[in-house]
Number of protein chains: 2
Amino acid sequence: MADENVVFVGKKNIMSYVLAVVTQFNSGVKEVTIKARGKVISRAVDVAEIVRNRFVNDAKVKDVRIMTEELTSEDGSKSKVSAIEIVLGRE
Amino acid sequence: MADENVVFVGKKNIMSYVLAVVTQFNSGVKEVTIKARGKVISRAVDVAEIVRNRFVNDAKVKDVRIMTEELTSEDGSKSKVSAIEIVLGRE
């Protein structure tokens, strides 16, 4: 169930992720988690800030977590990548 | 005084920022704040994770703050940019 309130940010147009988050809030959920890995971490922050400042003014940053994830590529080699989870919530 | 414990991440080699943070901890401070703006936000997360996982194992992420800053360019035009502050602390 928690997964329903997650938006995973990648390389698409940033407004498509903003729209995804806003749509979730408009459907009535109280919290949306924005996740990203690697270089697109900065875009996750952009998404959270745009949602908060322009679309869902009562949304607050409830928590920001940073972590390291291990990825296994097709050839079996492993690499580590930083990740972020930003929890936006409204009262 | 607080400024002494801040490392501002930019486009230099990532290990130079890691070294800056580790040096601060080794000088005896209990907290170091890692800051970045825009696309290098992901590098700030990398710096925090590398410090924590490889160099200062008792360092914990005390706080992560995200925000929007307004920049004024030379021609006077203003633009907004996302920013992050990661506070690492050891007991």
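Each chain gets a letter, A, B and so on, in the order its sequence line appears, and its residues count up from 1.
Heavy-atom distances place the side chain of A:Ile86, and not its backbone, under 4.5 Å from chain B. Proximity to chain B (any heavy atom under 4.5 Å) is shown, for A:Ile66, by both the backbone and the side chain. A:Asp63 does not touch chain B: none of its heavy atoms, backbone or side chain, sits under 4.5 Å away. Residue contact with chain A, scored on non-hydrogen atoms closer than 4.5 Å, involves the backbone and the side chain of B:Val45 alike. With a 4.5 angstrom heavy-atom cutoff, B:Ala48 touches chain A only via side-chain atoms.
Taking all atoms of both residues into account, the shortest heavy-atom contact from B:Ser42 to A:Gly38 is CB-O, 3.3 Å.
For the residue pair B:Glu49 and A:Ser82, no side-chain donor N or O sits within less than 3.5 Å of a side-chain acceptor on the partner.
Both B:Val61 and B:Tyr17 are assigned to one and the same hydrophobic cluster, defined by single-linkage of ILVMFWY side chains at heavy-atom distances under 4.5 Å. At a threshold of 4.5 Å between side-chain heavy atoms, the hydrophobic network of Ile, Leu, Val, Met, Phe, Trp and Tyr places A:Val21 and A:Met15 in one connected group. Linking Ile, Leu, Val, Met, Phe, Trp and Tyr whenever their side-chain heavy atoms come within less than 4.5 Å leaves B:Phe8 and B:Val40 in two separate clusters. A continuous path of ILVMFWY side-chain contacts below 4.5 Å connects B:Ile84 to A:Ile14, so both sit in one hydrophobic cluster. Linking Ile, Leu, Val, Met, Phe, Trp and Tyr residues whenever their side-chain heavy atoms come within less than 4.5 Å leaves A:Val9 and A:Leu19 in two separate clusters.
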Inset, instruction - Apply side-chain contact (heavy atoms from CB on, under 4.5 Å) to the pair A:Ile41 and B:Asp46, showing each step before the final yes or no. - result: CA-CA 10 Å; A:Ile41 283 176; B:Asp46 290 338; 5.6 Å; no
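The environment of NZ in A:Lys62 is crowded: more than 12 heavy-atom neighbours from other residues, nucleotides or ligands sit within 6.0 Å.
One finds the CE atom of A:Met67 at 9.0 Å from the CZ atom of B:Arg52 (value rounded to the nearest 0.5 Å).
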